[in-house]
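All heavy atoms count here, side chains included; hydrogens, waters and symmetry mates do not. Position 1 is the first residue of the sequence; numbering continues from there.
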Amino acid sequence: MVVRKVSMVAGLVAFAALSLVMVPGAKQLCSGFLPENSMKIPVGDKSATGLTEEQFNAVLDKVEEIYKPIIAQEGGKLVVTRKWTDPTVNAYANRGWGGTYNITMFGGLARHSAVTPDGFALVACHEIGHHIGGYPKSRGWATNEGGADYFATLKCLRRYYGDSGKGTVREECGAAHEGGNGSGSCERNAQAGLSIAKLFQELRKLPEPPDFSTPDESVADRMNNSHPAPQCRLDTYFQGGLCNKSIGEDVASGNPEAGSCTRESGYVVGIRPLCWYKPPPTKQGPPKIAVRDQLPDAEKLGRTISALRNALGAS
């Protein structure tokens, strides 16, 4: 009897441990939209000039309405956890038990003075991007940080804006989206990115915020799966908005060209910035040899024929 009770207790402990592993949040990314930080903005903070609770919920309502059916088509269930009263300045994505695709959004982030409604939507789109942002992947299920940034403006925010909406940004958006189709959402993407760039400035204590006129010219020697530098992230938001691929052309986990603008496809704008992105090696088959290169020259052919005749005793 004692042995049976011990076995039952051990079984319950094991089940409890398994439950902890399998509940939503078990497969969480190590950090969040921002690197781990101690910034806190509680409800009622006088510096909290960002979103109201009504705006916080309105943004998440819209993102949820758009992406619940899309994620359901992939066999998942989108769960948006809203923590308005939590002062944390961050956001998280995780996979849970039963195919739940979770994103957790905090009121502290929404209340930050730099964050606009479009900027907050960009953050939510980034977290969605970890789940369905395609190439490149990190830690198995998750699109990496730069990839989630790119997806946020490449697909998600354009759906959020309805692919519409009306400096340098306007000119480049107009040129990339010839005829005006998509240029409005491109401009809104840029301004949303600039909102978040100001948040990066405070977090990193930068003297100036990242700017569209000072792109990051560095070239990564390998894929950076962690948070890129602030200027690099702003560049990624801008490039995602400049890409004129159709919203309906889906990205893919194993194919960097699917639904995206790439150098390999001949694009010069709308591409993933090299400050974090390392393109895969170009796939090349065996070199093609022209037929004329396969034939011996006349002198070599003549010597070969003469040698054959001598060997056969021919005149």
Engineer: Do Ile70 and Leu154 sit in the same hydrophobic cluster, where Ile, Leu, Val, Met, Phe, Trp and Tyr count as joined when their side-chain heavy atoms come under 4.5 Å apart?
Structural biologist: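 Hydrophobic grouping puts Ile70 with Leu154.
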Engineer: Kindly say whether Ile132 contributes a backbone atom to a donor-acceptor pair with the side chain of Glu74 at under 3.5 angstrom?
Structural biologist: no
Engineer: Counting C-beta onward and ignoring hydrogens, is there a side-chain heavy-atom pair between Tyr150 and Pro136 closer than 4.5 Å?
Structural biologist: no
Engineer: Give, for atom CG of Asn144 and atom NE2 of His227, the distance between the pair rounded to the nearest 0.5 Å.
Structural biologist: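 Those atoms lie 10.5 Å apart.
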Engineer: Considering residues, nucleotides and ligands other than Lys137, do more than 12 of their heavy atoms fall under 6.0 Å from its NZ?
Structural biologist: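 More than 12 heavy atoms, drawn from other residues, nucleotides or ligands, come within 6.0 Å of this atom.
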Engineer: If the test is side chain to side chain contact (heavy atoms under 4.5 Å, CB included), which one of Ile41, Leu199, Thr88, Asn90 qualifies with Leu109?
Structural biologist: Leu199
Engineer: Counting distance only, does the side-chain N/O of His130 pair as donor-acceptor with the main-chain N or O of Thr143 below 3.5 Å?
Structural biologist: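 Such a contact is found between His130 side chain and Thr143 backbone.
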Engineer: Are Asp216 and Pro273 close enough that some pair of their side-chain heavy atoms sits under 4.5 Å apart?
Structural biologist: no
Engineer: Does Glu53 form a salt bridge (charged side-chain N to carboxylate O under 4.0 Å, His left out) with Arg82? I'd like the steps, not just the answer.
Structural biologist: CA-CA 10 Å; Glu53 184 175 5; Arg82 310 178 188 204; over 6 Å; no
Engineer: So does Glu65 pair up with Arg159, basic N to acidic O under 4.0 Å?
Structural biologist: no
Engineer: Go through the steps to decide whether Ser226 and Glu145 satisfy the test side chain to side chain donor-acceptor pair (under 3.5 Å), and finish with yes or no.
Structural biologist: CA-CA 6 Å; Ser226 300; Glu145 296 294 343; over 6 Å; no
Engineer: When rounded to the nearest 0.5 angstrom, what distance separates CD1 in Ile103 from CG in Leu60?
Structural biologist: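 One gets 6.5 Å once the value is rounded to the nearest 0.5 Å.
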Engineer: Quick one: which of Thr153, Ile271, Asp149 gives a side chain to side chain contact (heavy atoms under 4.5 Å, CB included) with Thr236?
Structural biologist: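 Result: among Thr153, Ile271, Asp149, Asp149 is the only option passing the side chain to side chain contact (heavy atoms under 4.5 Å, CB included) with Thr236.
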Engineer: Assess the side chains of Thr116 and Asp118: does a donor N or O sit below 3.5 Å from an acceptor N or O?
Structural biologist: no
Engineer: Should Val115 and Val43 be counted in the same cluster of Ile, Leu, Val, Met, Phe, Trp and Tyr side chains packed under 4.5 Å apart?
Structural biologist: yes
Engineer: Test Val80 against Val63 for side chain to side chain contact (heavy atoms under 4.5 Å, CB included), laying out the working first.
Structural biologist: CA-CA 9 Å; Val80 180; Val63 171; 5.8 Å; no
Engineer: To the nearest 0.5 Å, what is the distance between CZ (Arg263) and CD (Glu257)?
Structural biologist: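 It comes to 11.5 Å.
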Engineer: Measure across Cys232 and Trp276 and return the closest heavy-atom pair with its distance rounded to 0.1 Å.
Structural biologist: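 Looking at all heavy atoms of both residues, the closest pair is SG-CD1, 3.5 Å.
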Engineer: Would you say Leu203 and Leu206 are hydrophobically clustered, going by side-chain heavy atoms of ILVMFWY under 4.5 Å?
Structural biologist: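 Cluster IDs for Leu203 and Leu206 differ.
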Engineer: Go through it in stages, so that I can follow the logic: the residues are Tyr160 and Ser185, the test is side chain to side chain contact (heavy atoms under 4.5 Å, CB included), and I'd like the CA-CA distance, side-chain angles, deciding distance and then a yes or no.
Structural biologist: CA-CA 9 Å; Tyr160 179 85; Ser185 62; over 6 Å; no
Engineer: Sub-3.5 Å donor-acceptor pair from the side chain of Asn37 to the main-chain atoms of Pro35, do we have one?
Structural biologist: yes
Engineer: Are more than 12 heavy atoms, taken from residues, nucleotides or ligands other than Lys62, located less than 6.0 Å from that residue's NZ atom?
Structural biologist: yes
Engineer: With a 4.5 Å limit on heavy-atom distance, are the side chains of Pro279 and Pro256 in contact?
Structural biologist: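 Sidechains of Pro256 and Pro279: no contact.
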Engineer: Where do Leu157 and Arg188 land on the side chain to side chain contact (heavy atoms under 4.5 Å, CB included) test, with the steps shown first?
Structural biologist: CA-CA 9 Å; Leu157 277 184; Arg188 282 186 70 178; over 6 Å; no
Engineer: If we only count heavy atoms from C-beta on, is the Arg158 to Asn189 side-chain gap below 4.5 Å?
Structural biologist: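 The answer is yes; the side chains approach within 4.5 Å.
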Engineer: Might you confirm whether atom NZ of Lys245 has over 12 heavy atoms from other residues, nucleotides or ligands at distances under 6.0 Å?
Structural biologist: yes
Engineer: Compute the ring centroids of Trp141 and His131, then answer whether they are less than 6.0 Å apart.
Structural biologist: yes
Engineer: Taking C-beta and beyond as the side chain, do His112 and Glu202 meet within less than 4.5 Å on heavy atoms?
Structural biologist: yes
Engineer: Do Phe151 and Phe120 belong to the same hydrophobic cluster, where Ile, Leu, Val, Met, Phe, Trp and Tyr are linked whenever their side-chain heavy atoms lie under 4.5 Å apart, directly or via other members?
Structural biologist: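 Looking at the clustering, Phe120 is in the same group as Phe151.
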Engineer: Are the side chains of Tyr135 and Pro280 in contact, using a 4.5 Å heavy-atom criterion?
Structural biologist: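 In contact.
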Engineer: Please determine whether salt bridge (charged side-chain N to carboxylate O under 4.0 Å, His left out) holds for the pair Asp235 and Arg272, giving the CA-CA distance in whole Å, both sets of side-chain angles, and the decisive distance to 0.1 Å.
Structural biologist: CA-CA 9 Å; Asp235 298 344; Arg272 300 172 180 90; over 6 Å; no
Engineer: Using only atom types and a distance under 3.5 Å, with no angle test, would you say the side chain of Ser195 pairs donor to acceptor with the backbone of Ala114?
Structural biologist: yes
Engineer: Examine distances only and state if a side-chain atom of Glu127 and a backbone atom of Ala93 form a donor-acceptor pair shorter than 3.5 Å.
Structural biologist: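 The answer is yes, because a donor-acceptor pair under 3.5 Å joins these two groups.
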Engineer: Any heavy-atom pair between the side chains of Val89 and Phe106 that's under 4.5 Å?
Structural biologist: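 No; the side chains remain at least 4.5 Å from each other.
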Engineer: For Arg95 and Asn102, what are the C-alpha separation, side-chain angles and deciding distance, and is it a side chain to side chain donor-acceptor pair (under 3.5 Å)?
Structural biologist: CA-CA 6 Å; Arg95 286 285 175 92; Asn102 303 296; over 6 Å; no
Engineer: Taking the side chain from Ser265 and the backbone from Tyr267, do they hold a donor-acceptor pair closer than 3.5 Å?
Structural biologist: no
Engineer: If only atom types and distance count, is the side chain of Lys155 paired as donor or acceptor with the main-chain N or O of Gly259 below 3.5 Å?
Structural biologist: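 A pair under 3.5 Å: yes.
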Engineer: What are the two closest non-hydrogen atoms of Ala91 and Met105, and how far apart are they?
Structural biologist: CB-SD, 3.8 Å
Engineer: Is there a path from Leu274 to Phe238 through hydrophobic residues (I, L, V, M, F, W, Y) whose side chains come within less than 4.5 Å of each other?
Structural biologist: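 In one cluster: no.
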Engineer: Check whether Ser260 reaches the backbone of Ala258 with its side chain - one donor and one acceptor, N or O, closer than 3.5 Å.
Structural biologist: yes
Engineer: For Tyr161 and Cys156, what are the C-alpha separation, side-chain angles and deciding distance, and is it a side chain to side chain contact (heavy atoms under 4.5 Å, CB included)?
Structural biologist: CA-CA 9 Å; Tyr161 302 146; Cys156 183; over 6 Å; no
Engineer: Hey, could you give me the CG/NZ distance between Asn224 and Lys278, rounded to the nearest 0.5 Å?
Structural biologist: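 Answer rounded to 0.5 Å: 13.0 Å.
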Engineer: Can you see whether Trp84 has Arg111 sitting over its ring - NZ or CZ less than 6.0 Å from the centre and within 45° of the normal?
Structural biologist: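 Yes, a cation-pi geometry.
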Engineer: For residues Phe33 and Tyr92, establish whether the separation of their ring centroids is below 6.0 Å.
Structural biologist: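 No: the rings miss the under 6.0 Å criterion.
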Engineer: If you round to the nearest 0.5 Å, how far is CG of Asn255 from CG of Asp250?
Structural biologist: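 So the gap between those two atoms works out to 12.0 Å.
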Engineer: Does some side-chain heavy atom of Leu194 sit less than 4.5 Å from a side-chain heavy atom of Tyr237?
Structural biologist: no
